[in-house]
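If you're wondering where the values come from, they're calculated on a predicted model, not measured in any experiment.
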Amino acid sequence: MKIDMVCDDDIKPLQRQKVCVIGAGMAGLASARELRREGHDVTVLEQSGDVGGQWRYDPMTDGADPLGAAAAPVKVHGSMYASLRLISARETMGFTDFQFAPKDGRDGRRFPGHREVYLYLKDFCDAFGLMEFVRLNTSVVRVFLAPGPTRQWTVRSVDLGKSEEVEEAFDAVMVANGHYSQPRLPSIEGMEVWRGRQMHSHSYRVPEPFRDEVVVVVGCGASGKDIAMEVRRVAKEVHLVAKSMEEVAQELAKVLSKYSASLHLQPHVRTSVFCFPGSSHVDLQFSTWMQNEMIDPTTRQVERLCEDGRVVFGDGSTILADTIIYCTGFNYCFPFLDTEGAVTVDDNCVGPLFEHVFPPSLAPSLSFVGIPVKVFAPWFFEAQAKWVAQVLSGKRTLPPEVEMMRSVEEYYRAREAAGAPKNYTHDVSLFDTTALTTTHNLHDNRTLFMDEFGSKYCDFPGVEKWRYELLVSSLVNMFDNLETFRDEYQDSDSIRKGVEEWHLSAQQAQAAVVAVAPAATKEQLLGLLEKVE
């Protein structure tokens, strides 16, 4: 059964646009659904054989280029490793009207594995009948403005099964191809001559190939910590390299102490004092651990790589390693997009983009969905897509180009004044860390970027206070218990009540499906959970 996406009043859009959506991942599917709700003609181009984007696990890697250092795009799109589990609770994810609730026979954990997200997106796609608008195994080769008085886009794509190129004209293009495919690599002296194996986390899938090896993991983000702790189980030694003590944070204190025989830290500590609001007891424990480990605050990260296999750190210490895994993030990459310089990517800043969505000189016919990080996904992508769809239909208008450009420049100046690196331009930050000390009044104390965006541009419902509290609670638990936070947690009364109501809402959605489909079998109906608005 599919959900009817026609508005109750059946009012046709003021303007019906022919729109191309690039990518059928979380952001692309959100875009397709909102465009259809506005009555637009939609074509979604997806290069892989199914929807889901990065959440569609691909065990294949590019053995010829494990670093992903070749010219973009990478040959293998997927970057998911087999053991990956969410670090955000499922209750904080999901579309506003299609909840990410547990389903019988599936991974019902609060922090499920990647396959559960993929199945959820498949359910969403089926529920809203989006597959009929998706062309799978279709790679976008070039997108450019067609010559002529009317602003239209030419999209050149190739059917990977037939190797036939096709050119089509569209009124608008929404770019939603994600940003977790093209590896972002550091520049380290000797990388080109080092005799060991070097790879980016993009090419990591399982730990077994690293059995009995000495492995260096560069980067202490979520994937770096996950991979280091997993590889530690089979490797001889794992050396985890951090660029700053802020990156290390408190959550590593326990695991580094617990696995000190096989897991080692090679940090570059900044001279600034590390402090995380609201966690003084952990700060004390972390500081004590640092003193016991005698970490030199002048220590740098990897200084150079030697041809004989040695890795030299900033303090002069060396190890002989077999493999280096760079968990150093990803680059925004749009090799197909030709805007003649109107949109560029400079040090991972995609711009200029008004509110991270519209390039002022090409708006509204060109837009980007899914650029910001540290947002509730897919909630925020849904809000972005709704805004774009309504602007294209004429229900909403954008400011004049000069005002949009002024807003972008003011945003850049504010970020620079705050000391934010350019490559963090799209890190909109879910919350001010000072809010961690006042979770009981979080929603009142801080109007989040997401809520401001949703209410200002598309009358989008705000995120409930209990969800924010759950997010903060999960993060604090992760800082305290990196190994167990996904499975061991204690909810406050307000979180518990919110989760109970959330589950009840999902049950009511299932009951509504039963009511509108009396001819369906019970077994069929069990597969229709959440498939009503």
Side-chain angles (χ1 to χ4, degrees), residues 61 66-69 81 183-271 274 286 289-329 482-483:
T61 61
L67 273 175
Y81 43 95
R184 183 175 177 88
L185 294 167
S187 178
I188 300 175
E189 180 185 347
M191 285 182 69
E192 68 284 354
V193 299
W194 196 68
R195 73 179 186 185
R197 171 172 52 185
Q198 297 182 78
M199 60 188 294
H200 190 271
S201 60
H202 168 74
S203 299
Y204 176 85
R205 296 295 183 268
V206 294
E208 187 57 34
F210 311 98
R211 182 170 292 278
D212 299 324
E213 290 189 353
V214 175
V215 179
V216 175
V217 176
V218 179
C220 280
S223 62
K225 287 178 287 219
D226 269 359
I227 290 172
M229 290 170 62
E230 183 171 65
V231 170
R232 178 206 61 78
R233 299 170 188 166
V234 299
K236 180 181 179 181
E237 293 178 8
V238 173
H239 294 261
L240 187 57
V241 179
K243 66 181 178 182
S244 67
M245 194 52 62
E246 285 89 340
E247 188 181 48
V248 174
Q250 296 97 325
E251 70 262 37
L252 277 175
K254 291 182 180 179
V255 296
L256 287 167
S257 177
K258 182 177 179 180
Y259 302 115
S260 58
S262 59
L263 184 61
H264 310 282
L265 178 66
Q266 299 287 351
H268 165 52
V269 183
R270 296 176 182 173
T271 56
F274 178 79
F286 189 55
W289 171 81
M290 286 179 59
Q291 293 171 6
N292 292 339
E293 293 296 309
M294 298 179 65
I295 294 178
D296 184 350
T298 63
T299 302
R300 298 173 61 188
Q301 49 181 328
V302 179
E303 176 73 21
R304 68 182 184 277
L305 305 179
C306 301
E307 190 172 358
D308 61 4
R310 286 178 299 136
V311 178
V312 182
F313 299 103
D315 62 352
S317 63
T318 66
I319 60 166
L320 191 64
D322 301 290
T323 297
I324 299 177
I325 305 175
Y326 297 101
C327 300
T328 46
L482 182 61
E483 282 191 291

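- Taking the side-chain hydrogen bond (donor to acceptor under 3.5 Å, both in side chains) definition, one finds that Glu208 meets it with Arg211, sequence neighbours left out.
- Within the 4.5 Å cutoff, side-chain heavy atoms of Cys220 are placed close to those of Leu252.
- With sequence neighbours excluded, no residue satisfies salt bridge (charged side-chain N to carboxylate O under 4.0 Å, His left out) with Glu307.
- Within the 4.5 Å cutoff, the side chain of Val218 has heavy atoms near those of the Thr328 side chain.
- For Asp212, there are no salt bridge (charged side-chain N to carboxylate O under 4.0 Å, His left out) partners two or more places apart in sequence or in a different chain.
- Pro207 meets the side-chain contact (heavy atoms from CB on, under 4.5 Å) test with Tyr204, Glu230, Val231, Val234; sequence neighbours excluded.
- Checked against salt bridge (charged side-chain N to carboxylate O under 4.0 Å, His left out), Arg197 has the following partners two or more places apart in sequence or in another chain: Glu213.
- Applying the ring-ring contact (aromatic ring centres under 6.0 Å, His included) test to pairs two or more places apart or on separate chains, none has a residue in residues 214-234.
- With sequence neighbours excluded, the residues satisfying side-chain contact (heavy atoms from CB on, under 4.5 Å) with Glu189 are Arg304.
- Residues passing the salt bridge (charged side-chain N to carboxylate O under 4.0 Å, His left out) test with Arg205, sequence neighbours excluded: none.
- Qualifying side-chain contact (heavy atoms from CB on, under 4.5 Å) partners for Ala222, counting only residues two or more places apart in sequence or in other chains: Ile87.
- Evaluation of the side-chain contact (heavy atoms from CB on, under 4.5 Å) rule for Leu320 yields Arg195, Arg310 as partners, not counting sequence neighbours.
- Residues satisfying the side-chain hydrogen bond (donor to acceptor under 3.5 Å, both in side chains) test with Thr318, not counting sequence neighbours, are none.
- In this structure, Val238 and Val217 have side chains that are in contact, with non-hydrogen atoms separated by less than 4.5 Å.
- For His239, the side-chain hydrogen bond (donor to acceptor under 3.5 Å, both in side chains) partners are Glu237, not counting sequence neighbours.
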